[in-house]
Amino acid sequence: MLLGGCQADHISFLDPAGPVAALQKHWFLLLSGGLLLVILPVLIGVPLCLWHYRASNRRARFLPDWDFALPLEFLVWGFPAVVVIAFSLLVWGPERRFSPERAIGDAPPLQVEVVALNWKWLFIYPEAHVASLDHLVLPQGREVEFHLTSDGTMQSFLIPSLGSQIYAMAGMVTHLHLQADRTGRLLGENTQFNGMGFQDQKFPVDIVSPDQFAQWLAKAGSSPLQLDTQSYDILRRQETGRKSAQTLLHDAKASDAIFSSVPERFFQGIVMHYDASMLPHSG
């Protein structure tokens, strides 16, 4: 209640911007209301019993002549169990439908490859051969399929208003399907503590119209910055995305940390680097 006046727009699944977060909000409210049926009798009954059977109340005597009561046992244990089982059955179908690795619709999704670094995010658009640092741009109304990995510590990718937190780990690829139904700026962040730059590992998520998204891709394709071995070595330094961007922009005299000419299978190369390093050495 004390946090009720805090702004929650665009930073919480309670202000959903897509179908996954909307479903999460629905189930959160439904389950919270149902669980109140379990916890409210406890929150109300315990204080009443303590007050009624207080030491100063000489008229309150409790002298039971039994050691087991089936109706009372069912009330204490059976009712909460029935509530949990009922909600589990209700949630099972819809939640499986929106599992992170499952497609939301039938239309071909936009492919976005995500590399988690200490302490920044690199977003690669393989179909357009462009990338951006700590800035994610998505088209409204189109499903997005994320492929996530890490080139450092394990990290947690979350856009609260779109839903579905998922981990990014070195040498592995996780999949996440999301969709944004309205335009605007959302918040994205790392929710896995991974060092002293963790607090700054947030990024804006701009949801734009399809025409604006096409214009942004065209602008990215003309960027003087190129994602190559030299620029990626700068990104791999353990510093925030802001410091990495300052170094890159100073060198290229650009206005934004957007990369053009991303090599083919650049993302796969990052993943395979860890796969190769984990192989046992011969000899």
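From a predicted model like this one, the values you see are computed outputs, not experimental measurements.
Few gaps surround CZ on Arg237; more than 12 heavy atoms of other groups in view lie less than 6.0 Å from it. Atom CE of Met196 sits in a sparse spot, with 12 or fewer heavy atoms from other residues, nucleotides or ligands closer than 6.0 Å. Within 6.0 Å of the CD atom in Gln230, the count of heavy atoms belonging to other residues, nucleotides or ligands does not exceed 12. No more than 12 heavy-atom neighbours from other residues, nucleotides or ligands sit within 6.0 angstrom of CG on Asp106. Under a cut-off of 6.0 angstrom, the local environment of CZ in Arg58 is sparse, with at most 12 non-hydrogen atoms contributed by other residues, nucleotides or ligands.
Tyr232 is listed as a side-chain neighbour of Asp151, based on a closest heavy-atom distance under 4.5 Å. Between Asp200 and Arg242 there is a side-chain heavy-atom pair separated by less than 4.5 Å. Annotation: side chain of Leu133 is in contact with side chain of Ser244 (closest heavy-atom distance under 4.5 Å). Side-chain atoms of Val130 and Leu227, non-hydrogen and from C-beta on, never get closer than 4.5 Å to each other. At least one side-chain heavy atom of Leu162 sits under 4.5 Å from a side-chain heavy atom of Leu186. Inter-residue side-chain proximity for Leu248 and Ile234 is flagged as met; some heavy-atom pair is nearer than 4.5 Å. Taking 4.5 Å as the limit, some side-chain heavy atom of Phe213 sits within range of a side-chain heavy atom of Tyr125. Between Phe28 and Leu14 there is a side-chain heavy-atom pair separated by less than 4.5 Å.
Put simply, Val20 and Trp27 are part of the same group of oily side chains (I, L, V, M, F, W, Y) that touch within less than 4.5 Å, one to the next.
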Steps toward side chain to side chain contact (heavy atoms under 4.5 Å, CB included) verdict (Val82, Phe87):
CA-CA 9 Å; Val82 169; Phe87 280 137; over 6 Å; no
Determine, stepwise, if the pair Asn118 / Gln155 fulfils side chain to side chain donor-acceptor pair (under 3.5 Å).
CA-CA 9 Å; Asn118 290 356; Gln155 300 176 42; 3.1 Å; yes
For Leu136 and Phe146, what are the C-alpha separation, side-chain angles and deciding distance, and is it a side chain to side chain contact (heavy atoms under 4.5 Å, CB included)?
CA-CA 12 Å; Leu136 181 60; Phe146 293 95; 3.9 Å; yes
Could you give me the CA-CA distance, side-chain angles and deciding distance for Thr174 and Tyr167, then say whether side chain to side chain contact (heavy atoms under 4.5 Å, CB included) is met?
CA-CA 7 Å; Thr174 49; Tyr167 287 99; 5.6 Å; no
Mind running side chain to side chain donor-acceptor pair (under 3.5 Å) on Gln140 and Thr183 for me, showing each step along the way?
CA-CA 6 Å; Gln140 176 192 13; Thr183 60; 5.1 Å; no
Please walk me through it: do Gln111 and Glu127 pass side chain to side chain donor-acceptor pair (under 3.5 Å)?
CA-CA 7 Å; Gln111 302 291 325; Glu127 297 166 348; 5.0 Å; no
Between Val137 and Val205, is the side chain to side chain contact (heavy atoms under 4.5 Å, CB included) condition met? List the steps.
CA-CA 6 Å; Val137 181; Val205 182; over 6 Å; no
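Taking CG of Leu217 as the start and CD of Gln212 as the end, the distance is 12.0 Å to the nearest 0.5 Å. Note: Leu187 CG to Phe203 CZ = 7.5 Å, rounded to the nearest 0.5 Å. Note that the OG atom of Ser161 and the NZ atom of Lys25 stand 10.5 Å from one another [nearest 0.5 Å]. Atom CH2 of residue Trp119 and atom NZ of residue Lys243 lie 9.0 Å apart, to the nearest 0.5 angstrom. The distance from the CG atom of Leu158 to the CD atom of Gln165 is 6.5 Å, given to the nearest 0.5 Å. Taken from CZ in Arg142 to CG in Leu110, the straight-line distance is 5.0 Å, to the nearest 0.5 Å.
In this structure, Gln201 contributes its side chain and Asn190 its backbone to no donor-acceptor pair below 3.5 Å. Checking side-chain atoms of Arg54 against main-chain N and O of Trp51 turns up a donor-acceptor pair under 3.5 Å. A donor-acceptor contact shorter than 3.5 Å links the side chain of Ser132 to the backbone of His135. Under a 3.5 Å cut-off, the side chain of Asp134 and the backbone N or O of Trp121 do form a donor-acceptor pair. Put simply, the side chain of Ser223 never gets that close to the backbone of Ala220: no donor and acceptor are under 3.5 Å apart. Without hydrogens or angle criteria, Asn57 side chain to His52 main chain gives a donor-acceptor distance under 3.5 Å. Although no hydrogens or angles enter the test, the distance criterion places no donor-acceptor pair under 3.5 Å between the side chain of Thr149 and the main chain of Ala116.
For the residue pair Ser150 and Ala168, the shortest heavy atom distance occurs at CB-O, 3.6 Å. Gln226 and Ser261 get closest at one heavy-atom pair: NE2-OG, 3.9 Å. Smallest separation of non-hydrogen atoms from Pro100 and Ile166: CB-CD1, 3.9 Å. Across every non-hydrogen atom of Thr191 and Phe198, the tightest pair is C-CE1, 3.9 Å. Considering all non-hydrogen atoms of both residues, Arg236 and Leu117 come closest at CG-CD2, 4.4 Å. In terms of heavy atoms, Ser260 sits closest to Gly221 at CB-O, 3.5 Å.
His177 and Glu101 are not linked by any side-chain donor-acceptor pair at a separation below 3.5 angstrom, with hydrogens and angles left out of the test. Side chain to side chain, Lys120 and Thr240 fail the donor-acceptor criterion of an N or O pair below 3.5 Å.
Ring orientation note: the planes of His175 and His147 are nearly perpendicular, at an angle over 60° on the 30°/60° scale. A perpendicular orientation is assigned to the rings of Phe157 and Phe123, their planes being inclined by more than 60° (bins at 30° and 60°).
Hydrophobic cluster of Leu43: the remaining members, joined at side-chain heavy-atom separations below 4.5 Å, are Leu36, Ile39, Leu40, Val42, Val46, Leu50, listed by chain and number.
Only one option out of Asp211, Leu138, Ile258, Asp206 pairs with Trp216 in a side-chain contact (heavy atoms from CB on, under 4.5 Å); it is Ile258.
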